[in-house]
Amino acid sequence: MQTKIFKKEKEFCIFPTFPFHFDGTFHKPSHFPDKLSTWESGKYWQTIRIGKKLFGLKIENKGKTQKPKIKVSVFYNKNISDKEIDNIKREIIWRFDLNADLKEFNKLAKSDKRFYPIFKKWLGMRNSGSESLYELLIIAVVLQNATVRRTVQMMNALLNNYGTRLKYDGKEIFAIWLPEKLKSVSEQNLRDLKIGYRAKFIKRLSQDFTEGKIDELELRTFNQENIEKELMKLYGVGPETVRILLFGVYHQYNTFDHIAPWQQKIYSQLFYKKPLVPANKIRDDIKKQYGKYSMLAVHYIMEDIFWRRKNEKIEWLEKEIRL
DNA sequence: CATCAGGGCCCTG
DNA sequence: CAGGGCCCTGAT
């Protein structure tokens, strides 16, 4: 593993659309624990790549719900250009959906008698995806057919071997490797990290990205159907991985068509207080109520329960998480 | 000790 | 379009 230390620093500010919820946007307690970011209330750290260059980010809350403002500190090694600063700013705005217009969604939330308290509590939260397309793809692949513990194991093994450890601002944050780094790595090398059949996926996906067979930025200009079509072409990408990518990387709020078994159990409890409701029923009910904001609405409710889990013990949830 | 399903997807028939 | 196989692990 490579270690880098960045000491130089440049700052700028971003003014998200209002209302805005900083902690809800920059910390997602439902995600498995990884070494790719750190959060404390009002502060957030992660690395970012612009082209092939790596930077360290520190993002701080400097505003209020109705008057949002965030301060970004960029840590770098030798130099940084104005263009790179611009790109970092653009990328942060995109990844954390800071320009989102959620007026319509908030209106819908207000008419929801049952869950309005939750929507109100997280008013202004965004469905952020802190990673690039390639990076989230890697994460989605290690999520496949695995429990949380195993996912963490696989991710750490990969990071320890091919990732970069970046030290800045008193933190140690990891960065996922560039796809081309795996060029000289054989499928067997990857298998030795106990990632199983996923080795083949990661090898082939990395090759496709290296060869430029898919363009993350270009896909941002496509409509949902076409983004989905392009993503489905990727080896190892099926309905669940596509859903993760459409929602996480491309901020499509209505991606509630595929429900994995573990999600089905949690949704059953959240929406029906029952152990297991048929996935089709859940899907139809949610889509009927929240329409084009189906996945976003569920995201709010899902994150809320995982935030609650930090302070209180929720028996049925502990059972379903299965470390 | 053995067996099995899991925070999916590919491939075959 | 259904179903078997895939890697590894912890649970049973």
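Source: prediction; values computed, not measured. To find a chain, count down the sequence lines: A is the first, B the second, and so on, and within it residues start at 1.
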Residue Gln188(A) excluded, over 12 heavy atoms near CD under 6.0 Å: yes
In whole angstroms, the gap separating C1' of dC7(C) from NZ of Lys200(A) amounts to 13 Å
Whole Å only: how far is the CD1 atom of Ile244(A) from the C1' atom of dG7(B)? 8 Å
For the C1' atoms, the ones on dA2(C) and on dG7(B), what distance do you get once it is rounded to whole angstrom? 23 Å
Nearest listed nucleotide, side chain of Gln144(A), among dG8(B), dG10(C), dC7(C): dG8(B)
Mind telling me whether Tyr235(A) and Phe201(A) have parallel, tilted or perpendicular rings, with 30° and 60° as the class edges? perpendicular
Report which part of the nucleic acid Phe32(A) touches: base, sugar-phosphate, or nothing (heavy-atom distance under 4.0 Å, all strands). nothing
With rounding to whole Å, what would you report as the distance between dC7(C) and dC1(B) at their P atoms? 25 Å
Remember a base hit wins even if backbone is also touched, and classify Thr241(A) as base, sugar-phosphate or nothing at under 4.0 Å, heavy atoms. sugar-phosphate
Just to be sure I understand the rule, does Val141(A) reach a base, reach only the sugar-phosphate, or reach nothing, if contact means heavy atoms closer than 4.0 Å? nothing
Phosphate oxygens OP1/OP2 of dC11(B): is one of them under 4.0 Å from a side-chain N or O of Tyr235(A)? yes
Out of dT9(C), dG7(B), dC9(B), whichever nucleotide has its closest atom nearest the side chain of Trp262(A): dG7(B)
Examine the base of dC8(C) for any acceptor or donor lying under 3.5 Å from a partner atom in the side chain of Arg191(A), and report the outcome as yes or no. no
Less than 4.0 angstrom between a side-chain N/O of Thr147(A) and OP1 or OP2 of dA5(B), yes or no? no
DNA chain C: Gln153(A) or Asn145(A), which has the more 5' nearest nucleotide? Asn145(A)
Does dC7(C) have a Watson-Crick or wobble partner in any strand here, with both distances under 3.5 angstrom, and which is it? none
Rounded to whole Å, please give me the gap between CD in Gln188(A) and P in dC7(C). 10 Å
Hey, which sits more toward the 5' end of DNA chain B by its nearest nucleotide, Met232(A) or Leu143(A)? Leu143(A)
Rounded to whole angstroms, how far apart are CD1 on Ile195(A) and C1' on dG8(B)? 15 Å
Hey, what's the ring geometry for Phe271(A) with Phe115(A), parallel, tilted or perpendicular (30° and 60° as the breaks)? perpendicular
Judged by modelled atom types alone, do Asn189(A) and Asp192(A) share a side-chain donor-acceptor pair under 3.5 Å? no
Leu245(A) CG to dC9(B) C1', straight-line distance once rounded to whole Å: 14 Å
Integer-rounded Å distance: dC9(B) P and Lys203(A) NZ: 22 Å
Starting at atom NZ of Lys194(A), determine the distance to atom C1' of dC6(C), rounded to an integer number of angstrom. 16 Å
Would you please say whether a donor-acceptor pair under 3.5 Å links the side chains of Asp97(A) and Tyr253(A)? yes
Would you measure the distance from the C1' atom in dC9(B) across to the matching atom in dG10(C) and give it in whole Å? 23 Å
Does a side chain donor of either Trp177(A) or Asn161(A) reach within less than 3.5 Å of an acceptor in the other side chain? no
Checking contacts here: which listed nucleotide (dT9(C), dC9(B), dC6(C)) is nearest the side-chain heavy atoms of Arg150(A)? dT9(C)
Given atom CE of Met155(A) and atom P of dG7(B), what is their separation to the nearest angstrom? 19 Å
Applying a 4.0 Å non-hydrogen cut-off, can you work out what Leu234(A) is touching in the nucleic acid: base, sugar-phosphate, or nothing? sugar-phosphate
